[in-house]
Number of protein chains: 2
Amino acid sequence: MHSRDVFAADCPVRPIFDDITSRWATLVVGLLANRPHRFSELASAIGGISEKMLSQTLKALTRDGLVDRAVTPTVPIQVTYSLTALGADLATHLVGLVAWVDRHTDRIHEAQATYDEDTPVPPAVANRRRGGA
Amino acid sequence: MHSRDVFAADCPVRPIFDDITSRWATLVVGLLANRPHRFSELASAIGGISEKMLSQTLKALTRDGLVDRAVTPTVPIQVTYSLTALGADLATHLVGLVAWVDRHTDRIHEAQATYDEDTPVPPAVANRRRGGA
DNA sequence: CTGAATCCGGTTCGATACTG
DNA sequence: CAGTATCGAACCGGATTCAG
């Protein structure tokens, strides 16, 4: 039986979980689930990502054994990223979760709207993410 | 048909996805999946969480219609949090994902160790989260 | 092309203290 | 008990710059 105490502050699954659910990791995995991609392909396919974040995300994923990094020593070096078997397995869960959110996004938006109406004071909560100014 | 372009920078599922996969939200949902909890119960059950973060997480989840907040006006006020039907549905996916990570944590740790060995320069990557001195 | 390193602003987070 | 206000520190993340 597995099941460590996920609720313990030092539970080892937390950092890994953070890796794979990080803002960009999900999108990278989602893209690689279809087919291998080159660095620049990923960069242009994922709206709003910076090279730094892409590089960082890819490195973390590779380190976790979820993504495979293949270097082709052509004139301008070419690097292709793909999912490992482990990564592919994870991908199914991840895309499933994203699909769930996608399916329920409208309902959630309604809930948010209702909540914001019923909230007397200016909702500071609504500002989470998407930092203005 | 659903399926917005998840890869677009302004895709509306992103902020929601961030809400539910935030470090603490997953744990809160995981706990509420078993049974309703009071504020202080959650606070003590989740190792390392601060009141501020718990409050914030709970508020976001409630706003998203995933968690229900019930106030019992006893002498010392009593507040009980539970999952809504929507939240319960989400919980299955979430705990499934956590369980997956739990199942593969050892393998991932091996991958990390191997990666770190093969990496000549001191791995700055390894420091992500869990910030050491 | 791929990616690492640096700089630096903004946001988030945690600890504490305080209110209802 | 339940939660908010404030403060300071840590971190994230973007733009830029440089190297292989």
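Labels below follow one simple rule: chain letters A, B, ... track the order of the sequence lines, proteins then strands, and each chain is numbered from 1. When reading the values below, keep in mind they use all heavy atoms of this one structure, side chains included, and skip hydrogens, waters and symmetry mates. Keep in mind that this is a model prediction, so the values were computed, not measured.
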Asks: So how far is it from A:Ile108 CD1 to B:Ile16 CD1, rounded to the nearest 0.5 Å?
Replies: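 The distance works out to 4.5 Å.
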Asks: Would you please test A:Leu31 and A:Leu27 for side-chain contact (heavy atoms from CB on, under 4.5 Å) and show each step?
Replies: CA-CA 6 Å; A:Leu31 237 28; A:Leu27 298 173; 5.9 Å; no
Asks: B:Leu58 CG to D:dG3 C1': how many Å, rounded?
Replies: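 So the two atoms are 11 Å apart, to the nearest Å.
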Asks: Looking only at heavy atoms, what is the nearest atom pair of A:Ile20 and B:Val101, with distance?
Replies: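 A:Ile20 and B:Val101 have their closest heavy atoms at CD1-CG2, 3.5 Å.
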Asks: What is the distance, to the nearest angstrom, from the CZ atom on A:Arg14 to the P atom on C:dC13?
Replies: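 Going from CZ in A:Arg14 over to P in C:dC13 covers 13 Å.
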Asks: Provide the full list of salt bridge (charged side-chain N to carboxylate O under 4.0 Å, His left out) pairs with a residue in residues 66-87 of chain A, sequence neighbours left out, each pair given once.
Replies: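 Those involving residues 66-87 of chain A do not exist here.
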Asks: Measure CG/A:Asp18 against P/D:dA10 and give the value in whole Å, please.
Replies: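 Result: 19 Å.
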Asks: Could you list the donor-acceptor pairs under 3.5 angstrom formed by side chains in residues 87-100 of chain A, with sequence neighbours left out?
Replies:
residue  : atom : partner  : partner atom : Å
A:Asp89  : OD2  : B:Trp100 : NE1          : 2.9
A:Thr92  : OG1  : A:Asp89  : O            : 2.6
A:Trp100 : NE1  : A:His104 : NE2          : 3.3
A:Trp100 : NE1  : B:Asp89  : OD2          : 2.9

Asks: For A:Arg14 and A:Ala8, indicate whether the former's side chain and the latter's backbone hold a donor-acceptor pair under 3.5 Å.
Replies: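 Yes; at least one donor-acceptor contact below 3.5 Å.
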Asks: Given side chains that start at C-beta, do those of B:Val67 and B:Thr84 come closer than 4.5 Å, heavy atoms only?
Replies: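 Side chain of B:Val67 against side chain of B:Thr84, heavy atoms only: no contact under 4.5 Å found.
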Asks: Show the nearest heavy-atom pair for residues A:Leu86 and A:Asp64, with the distance to one decimal.
Replies: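 Minimum heavy-atom contact is CD2-O, 4.3 Å.
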Asks: With sequence neighbours left out, which residue pairs that include part of residues 38-51 of chain A fulfil the side-chain hydrogen bond (donor to acceptor under 3.5 Å, both in side chains) condition?
Replies: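 Not a single pair qualifies under side-chain hydrogen bond (donor to acceptor under 3.5 Å, both in side chains).
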Asks: Hey, what bend do you get for the helix from C:dC1-D:dG20 to C:dG20-D:dC1 if you fit axes on five pairs at each end, rounded to 10°?
Replies: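 Roughly 40°, once rounded to the nearest ten degrees.
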Asks: What is the distance, rounded to the nearest whole Å, between atom CG of B:Leu27 and atom P of C:dC13?
Replies: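 So the two atoms are 13 Å apart, to the nearest Å.
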Asks: Is there a side-chain contact (heavy atoms from CB on, under 4.5 Å) between A:Lys59 and B:Tyr115 once you walk through the steps?
Replies: CA-CA 10 Å; A:Lys59 187 175 292 187; B:Tyr115 182 97; 3.3 Å; yes
Asks: Of the residues in residues 64-83 of chain B, which ones touch DNA chain C at a heavy-atom distance under 4.0 Å?
Replies: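 Per residue number, the list is empty: none.
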Asks: Taking atom P of C:dA4 as reference, at what distance in whole Å does atom CD of A:Gln56 sit?
Replies: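 One finds 10 Å between P of C:dA4 and CD of A:Gln56, rounded.
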Asks: Just the table, please: protein N/O against nucleotides 14-19 of chain D N/O, every pair under 3.5 Å.
Replies:
residue : atom : partner : partner atom : Å
D:dG14  : OP2  : A:Ser50 : OG           : 3.1
D:dG14  : O6   : A:Lys52 : NZ           : 2.3

Asks: Nearest to the side chain of A:Ser55, which nucleotide is it out of D:dT4, C:dG3, C:dC13?
Replies: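 In terms of side-chain proximity for A:Ser55, the closest of D:dT4, C:dG3, C:dC13 is C:dG3.
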Asks: Contacts to DNA chain C from residues 29-40 of chain A, heavy-atom cutoff under 4.0 Å, which residues?
Replies: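 Contacting residues: A:Arg38, A:Phe39, A:Ser40.
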Asks: Would B:Asp106 and A:Arg4 satisfy salt bridge (charged side-chain N to carboxylate O under 4.0 Å, His left out), going step by step from the backbone distance to the final call?
Replies: CA-CA 12 Å; B:Asp106 291 340; A:Arg4 305 165 175 76; 3.0 Å; yes
Asks: Any side-chain to backbone donor/acceptor pair from B:Thr72 onto B:Thr74? Under 3.5 Å, distance only.
Replies: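 Not at all, since once roles are kept as given, no pair shorter than 3.5 Å links the two residues.
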Asks: Which atom names give the shortest non-hydrogen contact between B:Cys11 and B:Pro15, and what distance separates them?
Replies: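 Closest pair (atom of B:Cys11, atom of B:Pro15, distance): O-CD, 3.6 Å.
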